2 protein chains.
Amino acid sequence: MGATKSELFSEEDNRIATLAKAIGHPARIAIIKHLAVTKGCICGDLVDVLPLSQSTISQHLKALKEAGIIMGEVEGAKICYCINPVTFAQTKNYFEAFFAEIKNCCC
Amino acid sequence: MGATKSELFSEEDNRIATLAKAIGHPARIAIIKHLAVTKGCICGDLVDVLPLSQSTISQHLKALKEAGIIMGEVEGAKICYCINPVTFAQTKNYFEAFFAEIKNCCC
DNA sequence: AAACATTATCGCAATATTGCGATTGATTTT
DNA sequence: AAAATCAATCGCAATATTGCGATAATGTTT
């Protein structure tokens with residue numbers, strides 16, 4: 001196989017897993033942090049800051065965009081990427097709810 | 001390639017990425033939730049509850065254990081898995097700090 | 001219009017992940 | 001001791017991810 005059998009799990013479990021997976025790479029963490037500090041920047045800026053090629057960074061941006069964590073706004077030839085405030089707040093809430101739901105322990 | 005170049009990123013970014021990655025699968029979310037509700041159970045119980053094979057669930061348990069999110073205690077032939085309260089609290093803190101660090105927006 | 005800047009995408013290779021059945025090793029039960 | 005239970009691991013196949021260079025597509029400058 002190799003593909004996650006997401007149809008076997010709840011919407012909720014899939015949603016938080018998808019968000020966590022999107023965050024689950026150091027480059028994407030670094031991208032999110034940089035977007036937060038700069039309050040939005042273009043891909044080229046990230047290429048200057050991160051030790052990865054342009055095509056690789058573009059792919060990570062795509063992954064974050066598909067998960068709904070960031071968004072891009074066209075500004076002529078450039079695209080200004082920034083954290084999507086709405087969905088990022090939702091993401092935060094999902095994680096908070098998840099961690100609150102656990103808070104138990106142990107054998 | 002195919003391998004993440006983690007040596008190029010900060011300890012902190014790698015740590016949260018590793019934790020997020022461990023959580024980034026619906027089966028592992030479901031496992032964590034079940035361990036929380038039952039306050040610990042054996043692999044066989046998870047096999048009864050989840051629509052995956054024993055070997056697959058065993059692998060997911062291994063992944064969660066390696067990330068430090070859960071731990072296993074030998075009880076004769078059985079192994080009682082439960083959330084590791086210490087590291088889980090740390091995980092929660094990491095995510096809280098990460099989300100707090102962002103809380104900005106946008107272009 | 002030509003040169004340039006910017007970013008997405010394609011094609012490729014290497015590696016990782018997901019999932020399963022079968023087997024193994026260990027403990028319990030009968 | 002034999003049979004049964006439990007969970008880890010091996011081996012395999014399918015798919016996904018990571019990363020890069022090259023190219024394409026679009027807009028900007030000169």
Side-chain angles (χ1 to χ4, degrees), chain A residues 1-9 13-14 17-31 34-35 40-67 70-82 107, chain B residues 1-9 13-14 17-31 34-35 40-67 70-82 107:
Chain A
M1 308 293 150
T4 295
K5 296 190 164 182
S6 43
E7 70 282 3
L8 300 178
F9 299 96
D13 289 356
N14 276 307
T18 299
L19 289 168
K21 196 176 179 182
I23 294 179
H25 191 289
R28 294 195 287 270
I29 295 286
I31 287 173
H34 197 257
L35 291 183
C41 70
I42 65 171
C43 177
D45 292 342
L46 292 164
V47 174
D48 292 340
V49 167
L50 299 180
L52 294 172
S53 74
Q54 183 268 322
S55 61
T56 300
I57 288 174
S58 188
Q59 257 185 290
H60 283 305
L61 286 170
K62 189 182 178 187
L64 287 170
K65 202 166 65 178
E66 279 175 359
I70 68 171
M71 60 194 226
E73 225 172 279
V74 179
E75 284 188 357
K78 308 178 182 182
I79 295 179
C80 180
Y81 281 100
C82 60
C107 314
Chain B
M1 309 292 148
T4 294
K5 296 190 162 181
S6 43
E7 71 280 5
L8 300 179
F9 299 95
D13 289 355
N14 276 307
T18 299
L19 290 169
K21 196 175 179 182
I23 293 179
H25 191 289
R28 294 196 287 270
I29 294 286
I31 287 173
H34 197 257
L35 291 183
C41 70
I42 65 172
C43 178
D45 291 342
L46 292 165
V47 174
D48 293 339
V49 166
L50 299 180
L52 294 172
S53 74
Q54 184 268 321
S55 61
T56 299
I57 288 173
S58 188
Q59 258 185 292
H60 283 306
L61 287 169
K62 189 182 178 187
L64 287 170
K65 202 166 64 178
E66 279 174 359
I70 68 170
M71 59 194 227
E73 226 171 278
V74 178
E75 286 188 357
K78 307 177 183 182
I79 295 178
C80 181
Y81 282 100
C82 59
C107 315

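Numbers restart at 1 for each chain; the letters A, B, ... are given by sequence-line order, proteins then strands. Computed from a predicted structure; not experimentally measured.
The shortest distance between side-chain heavy atoms of Ser58(A) and Lys62(A) does not fall below 4.5 Å. Between Glu73(B) and Tyr81(B) there is no side-chain heavy-atom pair separated by less than 4.5 Å. At least one side-chain heavy atom of Phe9(B) sits less than 4.5 Å from a side-chain heavy atom of Leu52(A). Proximity of Met71(A) to Cys82(A): side-chain heavy atoms (C-beta onward) are separated by under 4.5 Å at one or more points.
Between Ile79(A) and Phe9(A), the residue anchored closer to the 5' end of DNA chain C is Ile79(A), taking for each the nucleotide with the nearest heavy atom. Position along DNA chain D of the nearest nucleotide to Gly24(A) versus Gly2(A) favours Gly2(A) as the more 5'-ward residue.
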Could you walk me through whether Leu46(B) and His34(B) pass the side-chain contact (heavy atoms from CB on, under 4.5 Å) test, one step at a time? CA-CA 8 Å; Leu46(B) 292 165; His34(B) 197 257; 3.6 Å; yes
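Protein chain B contacts DNA chain C from dA13(C) to dT28(C), reading 5' to 3' and using non-hydrogen atoms of the protein with a distance under 4.0 Å.
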How does protein contact run along nucleotides 25-30 of chain D, one letter per nucleotide 5' to 3', with B for base contact, S for sugar-phosphate only, - for none, heavy atoms under 4.0 Å? --SS--
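The stretch residues 59-67 of chain A comes close to DNA chain D through Gln59(A), His60(A), each having a heavy atom under 4.0 Å from the strand. Near DNA chain D, defined here as any heavy-atom distance below 4.0 Å, the residues from residues 44-54 of chain A are Leu52(A), Ser53(A), listed numerically.
Shown here for Lys78(B) and Ile42(B), the closest heavy-atom pair between the two residues is CB-CG2, 3.9 Å. Nearest heavy atoms, His60(A) versus Ile31(A): CB-CD1, 3.8 Å. Among all heavy-atom pairs drawn from Ala17(B) and Ile29(A), the shortest one is CB-CG1, 4.1 Å. The shortest non-hydrogen separation linking Cys43(A) to Ile57(A) is SG-CG2, 4.2 Å.
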Report all side-chain donor-acceptor pairs from residues 18-26 of chain B shorter than 3.5 Å, counting only partners two or more places apart or in another chain.
from	atom 1	to	atom 2	distance (Å)
Thr18(B)	OG1	Asn14(B)	O	2.8
His25(B)	ND1	Ala27(B)	N	3.0
His25(B)	NE2	Thr4(A)	OG1	3.3

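Taking CD of Gln54(A) as the reference point, atom CG of Leu61(A) lies at 9.5 Å (rounded to 0.5 Å).
Residues that satisfy the salt bridge (Lys or Arg N to Asp or Glu O under 4.0 Å) test with Asp13(B), not counting sequence neighbours, are Lys33(A).
Between the P atom of dA7(D) and the CD1 atom of Ile42(B) lies a distance of 4 Å, rounded to the nearest Å.
Using a 4.0 Å heavy-atom criterion, one finds that Thr4(A) contacts the sugar-phosphate atoms exclusively.
A side-chain donor-acceptor contact under 3.5 Å links Thr56(A) and Ser53(A).
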